[in-house]
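Structure record follows, encoded as structure tokens.
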Protein chains: 2
Amino acid sequence: MSEQKTKFAALHREPAYLKVYRAIEENIIGGGLSDGEALPIEADLCEQFQVTRSTVREGLRLLEQSGLIARGSHKKFIVRRPNASDVAVAASRSLALGGVTFNEVWETLAIYYPQAARLAAKRLDEDSLSALNVVWRSLQDVADDDHDRTVECAVEFFQSLAKGLNNRVMLAMLQSLNLMIGESLRQVIGKAPNARTRILNAQKNILDAFSARDEDLAEEWMAKHIADLKRGYVVANVEMDKPIL
Amino acid sequence: MSEQKTKFAALHREPAYLKVYRAIEENIIGGGLSDGEALPIEADLCEQFQVTRSTVREGLRLLEQSGLIARGSHKKFIVRRPNASDVAVAASRSLALGGVTFNEVWETLAIYYPQAARLAAKRLDEDSLSALNVVWRSLQDVADDDHDRTVECAVEFFQSLAKGLNNRVMLAMLQSLNLMIGESLRQVIGKAPNARTRILNAQKNILDAFSARDEDLAEEWMAKHIADLKRGYVVANVEMDKPIL
DNA sequence: ATAGTACTATTGTCCGACAATAGGATTATT
DNA sequence: AATAATCCTATTGTCGGACAATAGTACTAT
């Protein structure tokens, strides 16, 4: 049987636990199970799918990891459509794990954030602006040598900005970048002199530009802020081609 | 015992399958298991972790879904560090699932891609340029009414561009966007007259700008291309506030 | 040497059992 | 009656053992 005329479809014999996963996934996507609703108990799922609990449970683990279900009260699972933050966390984790370098992260910041700042100047509403202000002021109160807190606040500034853009796609991407900013910043902040003051200054100018609705200025200062970030790496003597983790 | 003096840590009693997951994950991250290497067989894992197969298998399902292991030959699992494409696929899937709108996607394209085009004009090497050329020519050969193929080629152009930037962070983000471009384009292409011709034209101009290393021109044409994309939506009478799925 | 065959290692699935425990129902206490 | 202590039960987490299916391997016959 070397030559075969009719080719049959590669009949993918999936394990049953995958079918369980897909079935439930589809149900969630299709809206059969809406957000927040509790999943049927394992026994019922066994009944419905006609498989044993072990199999159902393996399917549940897939759903769990994919973020479509989460633990509600006690042990019950509730349906949960993944949101931008989940996406961001998973993405940045995988990227960091994949060994992306300081340079790759920085380059992306450099071409993305200044434009985001333009949009922010145009779009941020009063609430977002005041939220940013609060974050900025909290950075003001941080001690110069409290590196952890400095990083935290600096990143929080970017987070607030991202949220204020009111766009979930951007939010996911920017948040993902923010997590990586935090990761990389944490590793150099101790070695970069005046880090807090410089960040504080840059963010102040950005904030003012936002308030004034001056897109050009916002872009300009954001670009400077990002550039300064790189300067920090250089000063701290970080090899830009090294992985951030 | 209403008032308690000493508060104990909230001792998170994790299920064992989670511990298995974390242990193996850490081993992979830490480099104990390198990329492509085969995972120990289930029985061995049971032995090492002192749990039963059911438990190990649940942990494996978590690893599977998180993309850290994949099926190698036969049934064995091999370790696999997630790459940019995995990230992109997962991210765009989740976002689409989360109900992001045409507008959110388009806005992101609009502020991101023109800048990416600038970088491309500066950085793309000869191989990438010729790859882009190949993609462009293949779109040339597509029939005007072959919508599926048109979308495929149009997206492929963006994909090649993203790959050529040589930056995994950008790659992940742009790929993610590309998938959503494809998804949204697929839904309007039938209703947008001359879609193929217009895409062909825009991409030609972008390509020429790349070849000429003209960053300004590249940005300009890319911006036009993106703007035209939106025009397509409008012409096709798509409600921009509707989810792309 | 090749083709066919039997064997084996490993995964996928099933079954049945039991421990732990959150949450609800019930009872006791003031 | 309100609160606290207690029991009950539904559900998950884990166990151990069993067997079927099958890819890969060793072996055999021609």
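Throughout, protein chains are lettered first and strands after them, A, B, ... in sequence-line order, and every chain is numbered starting at 1.
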* May I ask you to check whether B:Ser130 and B:Asn133 show a side-chain donor-acceptor distance below 3.5 Å? => no
For nucleotides 11-14 of chain C, list the nitrogen or oxygen atoms of the protein found under 3.5 Å from its nitrogen or oxygen atoms, one pair per line.
{"residue": "C:dT11", "atom": "OP2", "partner": "B:Glu42", "partner atom": "N", "Å": "3.2"}
{"residue": "C:dG12", "atom": "OP1", "partner": "B:Arg71", "partner atom": "NH1", "Å": "3.2"}
{"residue": "C:dG12", "atom": "OP1", "partner": "B:Arg71", "partner atom": "NH2", "Å": "3.4"}
{"residue": "C:dG12", "atom": "OP2", "partner": "B:Arg57", "partner atom": "NH1", "Å": "2.9"}
{"residue": "C:dG12", "atom": "OP2", "partner": "B:Arg57", "partner atom": "NH2", "Å": "3.4"}
{"residue": "C:dG12", "atom": "N7", "partner": "B:Arg53", "partner atom": "NH2", "Å": "2.8"}
{"residue": "C:dG12", "atom": "O6", "partner": "B:Arg53", "partner atom": "NH1", "Å": "3.2"}
{"residue": "C:dT13", "atom": "OP1", "partner": "A:Ala16", "partner atom": "N", "Å": "2.2"}
{"residue": "C:dT13", "atom": "OP2", "partner": "A:Ala16", "partner atom": "N", "Å": "3.2"}
{"residue": "C:dC14", "atom": "OP2", "partner": "A:Thr52", "partner atom": "N", "Å": "3.0"}
{"residue": "C:dC14", "atom": "OP2", "partner": "A:Thr52", "partner atom": "OG1", "Å": "3.1"}
{"residue": "C:dC14", "atom": "OP2", "partner": "A:Thr55", "partner atom": "OG1", "Å": "2.8"}

* Asked: So how far is it from A:Leu109 CG to A:Ile181 CD1, rounded to the nearest 0.5 Å?
  -> 4.5 Å
* Hey, are the side chains of B:Leu177 and A:Val169 touching, using non-hydrogen atoms and a 4.5 Å cut-off? -> yes
* How long is the line joining CD1 of A:Ile78 and P of D:dT11, in whole Å? -> 17 Å
* Asked: Is any side-chain heavy atom of A:Met170 closer than 4.5 Å to a side-chain heavy atom of A:Tyr112?
  -> yes
* Spatial distance of atom CG (B:Asp148) from atom CD1 (B:Ile189) [nearest 0.5 Å] -> 9.5 Å
